J.: 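First, the structure itself, so that you have it in front of you.
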Amino acid sequence: MSGLPVSLIQALREVVGEAGLIADVERMHSYLADWRNAYRGQAALVLRPASTEQVAAVVRLCAEAGVALVPQGGNTGLCGGSIPDDLGAQVVLSLTRLNRIREVDAANETITVEAGVILQRLQEAAAEAGRLFPLSLGAEGSCTVGGNLATNAGGTAVLRYGNMRELTLGLEVVLPDGRIWDGLRALRKDNTGYDLKQLFIGSEGTLGIITAAVLKLFPAVRSLTTAWVALPSPRAAVELIGQMRGLCGDRLTGFELMSRQSLEFVLHHVSGVSDPFADAHPWYVLIELSDTQPDAPLNDMLEQGLGEAFERGVALDAVVAASEVQVRALWALREGISEAQNHEGPSLKHDISVPISRIPDFIARTDQALQQAFPGVRIVAYGHVGDGNLHYNVSKPLGAEDAAFKAQSEAIMQVIFDVTVNFAGSISAEHGLGQAKRDAARHYKDPLELELMRSIKRAFDPAGLMNPGKLL
Ligand code: FAD
Ligand code: MLT
Ligand code: ZN
């Protein structure tokens, strides 16, 4: 039973209605653990308001009662940011009923959507208007715009279109005291002081509740070509991306790296996939070129780039997708890694970035340090080369016990983060800090930056009721 005062529960029920309040522990279940079951918590209630006004009223009531809120979208985050602590006193605030597309302004190339809209639905709405919303990631069928904003989500098209920060023009936010900030401006230029929306983007629910956003649209893609290329090394990947960028410019819209180990997990655990090549190779990249013109000569460009790469020994083998089905099959190999790694026991996820030029040395140095300190661990390295962002994940040695491996997770993380910082990198490039990397950030981030971040947190949320225990 919830430990909240009965009068508060009654007042909350009046705001959100019976459909918007979950007090039953069984029904709360899916809100209290992430999809990997890596994080679990307890909550006093789950609330599901259906409008910005309802969110504001809920936040006001909880602020007056001193009750902490944990915002939640699709619950696909990878660092435990949307999961409450295990004391059972926090309230999960699910935004999934705020799911309206409020406006498409094709002439302004913008779309205004509510926080609970699923990313895939947003992409489809853009397509219906003859436009592209370019954010694309493996969880797009379940993650929400609010979660994308709160984590500044990246994905596979960042090298061309930028991450959520670059895609956002305006926000509507319910502040920690329940006031509504209407920053839903659809402007590309606005120099009237601090850019407040950027504080909320990437704040992981610690400064306020995002309820709606104005997002940028782009011209629809009318030509597309996708290739799967085998490479001898990560250095070859860095050479190849430089070459393809020089040749294709902005037509290069995807360049995803994966190691043989990553591919083997996918081949083993994901149904309906197959290795595009007869022989095994140490590394692969998935290359996507696209253009707004129909019949753009993308295959010619790809052939020219790959031809030069073969001559220089940068590429070892390549296939080009000949149909939509084959395009999907190649992407399935890349997008299947997260799921596949789950079947191999606990996956220690590290979401680092370094300058693109330093990716090869980072991988070589970290591989060596890890194998020396933790012999037999399986390194599952893949990621977004164009962003310098590697998912340098680690699975347990074959035959090792889950518990023994988990007990080493902090020490493994330290090895990886030490090398990352040595390479002038970031310990979290894409997924955020949540509860997974909050303590590491305390250790690795500049103390002055942390002090400024704490001041911002105090200014917005002096009572500390917005997603406490996350990020800071
Ligand atoms: P949730 O998981 O529900 O929440 C994430 C954080 O945002 C939490 O801190 C939560 O409190 C906060 N939050 C949620 N909604 C709001 C709101 N309305 N207002 C304020 N705070 C809020 N991420 C990438 O960036 N790139 C990838 O390529 C990528 N690939 C993925 C692939 C898979 C298979 C999976 C499972 C995840 C992947 N992710 C990736 C991580 C995840 O999908 C993203 O972080 C996504 O943006 C989270 O959205 P969500 O709605 O599920 O948010
Ligand atoms: C991806 O790019 O596939 C995800 O961000 C990484 C992950 O699941 O670790
Ligand atoms: Zn990623």
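Computed from a predicted structure; not experimentally measured. Atoms within a ligand are numbered from 1 in the order they appear, just like the ligands themselves. Computed over heavy atoms, backbone and side chain alike; hydrogens, waters and symmetry mates excluded.
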J.: Should the pair K457-D461 be classified as a salt bridge under the 4.0 Å nitrogen-to-oxygen rule?
T.: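 Salt bridge between K457 and D461, a charged N being under 4.0 Å from a carboxylate O: yes.
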J.: Taking the basic N atoms (NZ, or NE/NH1/NH2) and the acidic carboxylate oxygens, is any pair closer than 4.0 Å for R40 and D34?
T.: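 Looking at D34 together with R40, the answer is no, because their closest N to O distance does not fall below 4.0 Å.
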J.: With heavy atoms under 4.0 Å as the rule, classify the contact between E335 and ligand 1 as side chain, backbone, both or neither.
T.: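 Looking at E335 and ligand 1, no heavy atom falls under 4.0 Å.
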J.: Check the side chains of E344 and S395 for a donor-acceptor pair under 3.5 angstrom, ignoring hydrogens and angles.
T.: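 Judged by distance alone, the side chains do not pair up.
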J.: How are the rings of Y284 and F277 set relative to one another: parallel (under 30°), tilted (30 to 60°) or perpendicular (over 60°)?
T.: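 Parallel.
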J.: How far is atom 10 (C) of ligand 1 from its nearest protein heavy atom, and which residue and atom name does that atom have?
T.: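 Answer, as residue, atom name and distance: P71 O, 3.2 Å.
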J.: Considering non-hydrogen atoms of the protein only, which is the closest contact for atom 35 (C) of ligand 1, and what is the distance?
T.: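 Going by distance alone, atom 35 (C) of ligand 1 is nearest to A139 CB, 3.6 Å.
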J.: Please work out, at 4.0 Å between heavy atoms, whether the side chain, the backbone, both, or neither of N393 comes within that distance of ligand 2.
T.: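 Only the side chain of N393 comes within reach of ligand 2.
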J.: Atom 3 (O) of ligand 2: which protein heavy atom is closest, and how many Å away?
T.: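 Heavy-atom neighbour on the protein nearest atom 3 (O) of ligand 2: R334 NH1, 3.0 Å.
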J.: Going by distance alone, is a donor N or O of one side chain under 3.5 Å from an acceptor N or O of the other, for H343 and H268?
T.: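 No donor-acceptor contact under 3.5 Å links the two side chains.
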J.: Before signing off on this row, confirm whether L137 and ligand 1 have an N or O atom pair separated by under 3.5 Å.
T.: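 It does not: no N or O of L137 is found under 3.5 Å from an N or O of ligand 1.
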J.: What I want to check is whether the side chains of D85 and Q90 have a donor and an acceptor closer together than 3.5 Å.
T.: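 Indeed, the side chains of D85 and Q90 share at least one donor-acceptor pair under 3.5 Å.
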J.: Report yes or no: does H384 have a heavy atom closer than 4.0 Å to ligand 2?
T.: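 Heavy atoms of H384 do come under 4.0 Å of ligand 2.
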J.: In this structure, does ligand 1 have an atom that sits under 4.0 Å from one of the heavy atoms of S203?
T.: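 Outside the 4.0 Å threshold, so no.
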J.: More than 12 heavy atoms of other residues, nucleotides or ligands under 6.0 Å from CZ of R179: yes or no?
T.: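 No, CZ of R179 has 12 or fewer neighbouring heavy atoms, counting only those of other groups under 6.0 Å.
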J.: Does an N or O anywhere in I209 fall below 3.5 Å from an N or O of ligand 1?
T.: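 Such a contact does not occur with ligand 1.
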J.: Do Q341 and H269 have side-chain atoms, one donor and one acceptor, less than 3.5 Å apart?
T.: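 Distance-only check fails for Q341 and H269.
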J.: Compute the shortest N/O to N/O distance between T156 and ligand 1 and return yes if it is under 3.5 Å, no if not.
T.: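 No: no nitrogen or oxygen of T156 is under 3.5 Å from one in ligand 1.
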J.: Give the atoms of ligand 2, by number and element, whose distance to some non-hydrogen atom of E430 is under 4.0 Å.
T.: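 Those qualifying, in numeric order: 5 (O).
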J.: Salt bridge check: are K396 and D402 linked by an N-O gap of less than 4.0 Å?
T.: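 Counted as a salt bridge, because a side-chain N and a carboxylate O are separated by less than 4.0 Å.
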J.: Select one of side chain, backbone, both or neither to describe which atoms of T211 lie under 4.0 Å from any atom of ligand 1, heavy atoms only.
T.: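 No part of T211 is near ligand 1 at this cut-off.
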J.: Do ligand 1 and T76 have nitrogen or oxygen atoms that lie under 3.5 Å from each other?
T.: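 Among all N and O atoms of T76, at least one is under 3.5 Å from an N or O of ligand 1.
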J.: Under 4.0 Å, heavy-atom basis, I'd like to know which part of T151 is in contact with ligand 1: side chain, backbone, both or neither.
T.: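 Under 4.0 Å from ligand 1, T151 contributes side-chain atoms alone.
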J.: Measure the distance from atom 9 (O) of ligand 2 to every protein heavy atom, then report the residue, atom name and distance (to 0.1 Å) of the closest one.
T.: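 Ranked first by proximity to atom 9 (O) of ligand 2 is K349 NZ, 2.8 Å.
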J.: So, is S136 polar-close to ligand 1, with some N/O to N/O distance under 3.5 Å?
T.: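 No, there is no polar N/O contact under 3.5 Å.
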J.: Just by distance, no angles: are the side chains of R251 and S290 close enough, under 3.5 Å, to form a donor-acceptor pair?
T.: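 No, no side-chain donor-acceptor contact under 3.5 Å.
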J.: In this structure, does ligand 1 have an atom that sits under 4.0 Å from one of the heavy atoms of K470?
T.: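 No; K470 lies far enough from ligand 1 that no heavy-atom distance drops under 4.0 Å.
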J.: Could you establish whether I337 and ligand 2 come within less than 4.0 Å of each other, counting only heavy atoms on the residue side?
T.: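 I337: no contact with ligand 2 (<4.0 Å).
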J.: What atoms in ligand 2 come closer than 4.0 Å to a heavy atom of Y382?
T.: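 Counting atoms of ligand 2 from 1, those under 4.0 Å from Y382 are 3 (O), 6 (C), 7 (C), 8 (O), 9 (O).
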J.: Under 2.8 Å from the Zn ion (ligand 3), is there any N, O or S atom belonging to H391?
T.: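 Yes, H391 qualifies, because one of its backbone or side-chain N, O or S atoms lies under 2.8 Å.
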J.: Output the list of atoms in ligand 1 that are nearer than 4.0 Å to some heavy atom of G208, sorted by atom number.
T.: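 Listed by number with element: 20 (C).
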J.: What part of T156, side chain, backbone, both or neither, has a heavy atom within less than 4.0 angstrom of ligand 2?
T.: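 Neither part.
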J.: For atom 2 (O) of ligand 1, what is the nearest protein heavy atom, given as residue, atom name and distance?
T.: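 So the nearest neighbour among protein heavy atoms is G77 N, 2.8 Å.
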J.: Can you tell me the protein heavy atom closest to atom 8 (O) of ligand 2 and the distance?
T.: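 Checked against all protein heavy atoms, atom 8 (O) of ligand 2 sits closest to S338 OG, 2.3 Å.
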J.: Any idea which part of A115 is under 4.0 Å from ligand 1, heavy-atom wise: side chain, backbone, both or neither?
T.: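 A115 to ligand 1: side-chain contact only, backbone stays beyond 4.0 Å.
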J.: Check whether more than 12 heavy atoms from other residues, nucleotides or ligands sit under 6.0 Å from atom NZ of K445, and answer yes or no.
T.: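 No, the 6.0 Å shell around NZ holds no more than 12 heavy atoms from other groups.
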J.: Return a yes/no value for L78: is any of its N or O atoms, backbone included, closer than 3.5 angstrom to an N or O of ligand 1?
T.: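 Such a contact does not occur with ligand 1.
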J.: Distance alone, cut at 3.5 Å: any donor-acceptor contact between the side chains of D367 and Y392?
T.: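 The criterion, which ignores hydrogens and geometry beyond distance, is satisfied for Y392 and D367.
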J.: To which protein heavy atom is atom 46 (C) of ligand 1 closest, and what is the distance rounded to 0.1 Å?
T.: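 The closest heavy atom on the protein side is N148 ND2, 3.6 Å.
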J.: Looking at the rings of F374 and F405, which for Trp means the six-membered one, are their centres under 6.0 Å apart?
T.: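 No, the ring of F374 stays outside the 6.0 Å limit from the ring of F405, centre to centre.
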J.: Does one side chain, of S136 or Q123, offer a donor that lies under 3.5 Å from an acceptor on the other?
T.: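 S136 vs Q123: no donor-acceptor pair found between side chains.
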J.: Would you tell me whether S262 and S259 have side-chain atoms, one donor and one acceptor, within less than 3.5 Å of each other?
T.: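 Looking only at side-chain atoms, S259 and S262 do form a donor-acceptor pair, the distance falling under 3.5 Å.
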J.: For a quick check under 3.5 Å, do E172 and T211 share a side-chain donor-acceptor pair by atom type?
T.: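 A donor-acceptor contact under 3.5 Å links the two side chains.
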J.: Please write down residue, atom name and distance for the protein heavy atom closest to atom 1 (P) of ligand 1.
T.: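 I find the closest protein heavy atom is N75 N, 3.6 Å.
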J.: Quick one: does L95 get an N or O within less than 3.5 Å of an N or O on ligand 1?
T.: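 There is no such contact.
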J.: Is it the case that ligand 1 has an N or O less than 3.5 angstrom from some N or O of V70?
T.: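 There is no such contact.
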J.: Regarding ligand 1, does A150 bring an N or O atom to under 3.5 Å of one of the ligand's N or O atoms?
T.: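 Among all N and O atoms of A150, none is under 3.5 Å from an N or O of ligand 1.
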J.: Tell me whether G154 reaches ligand 1 (any heavy atom closer than 4.0 angstrom to a ligand atom).
T.: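 It does; at least one heavy atom falls under 4.0 Å.
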J.: Evaluate the criterion side chain to side chain contact (heavy atoms under 4.5 Å, CB included) for residue pair I412 and H350; output intermediate values, then yes/no.
T.: CA-CA 10 Å; I412 289 174; H350 309 100; 4.2 Å; yes
J.: Before moving on, can you tell me the angle at the Zn ion (ligand 3) between the NE2 atom of H384 and the OE1 atom of E430, to the nearest 10 degrees?
T.: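 Rounded to 10°, it measures 100°.
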J.: Return yes when atom CD of E124 has more than 12 non-hydrogen atoms of other residues, nucleotides or ligands closer than 6.0 Å, and no otherwise.
T.: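 Yes, because the 6.0 Å sphere around CD of E124 holds more than 12 heavy atoms from other groups.
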J.: Hey, does W35 come in under 3.5 Å of ligand 1, counting only N/O atoms on both sides?
T.: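 So ligand 1 has no N or O lying under 3.5 Å from an N or O of W35.
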J.: Under 6.0 Å from the CZ atom of R358, do we count more than 12 heavy atoms belonging to anything else shown?
T.: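 Above 12, so yes.
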J.: How does H431 reach ligand 2, by side chain, by backbone, by both or by neither, if only non-hydrogen atoms under 4.0 Å count?
T.: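 For H431, only side-chain atoms sit under 4.0 Å from ligand 2.
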J.: Cut-off 3.5 Å, side chains only: do N75 and S82 have a donor facing an acceptor?
T.: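 The answer is yes; a qualifying pair exists.
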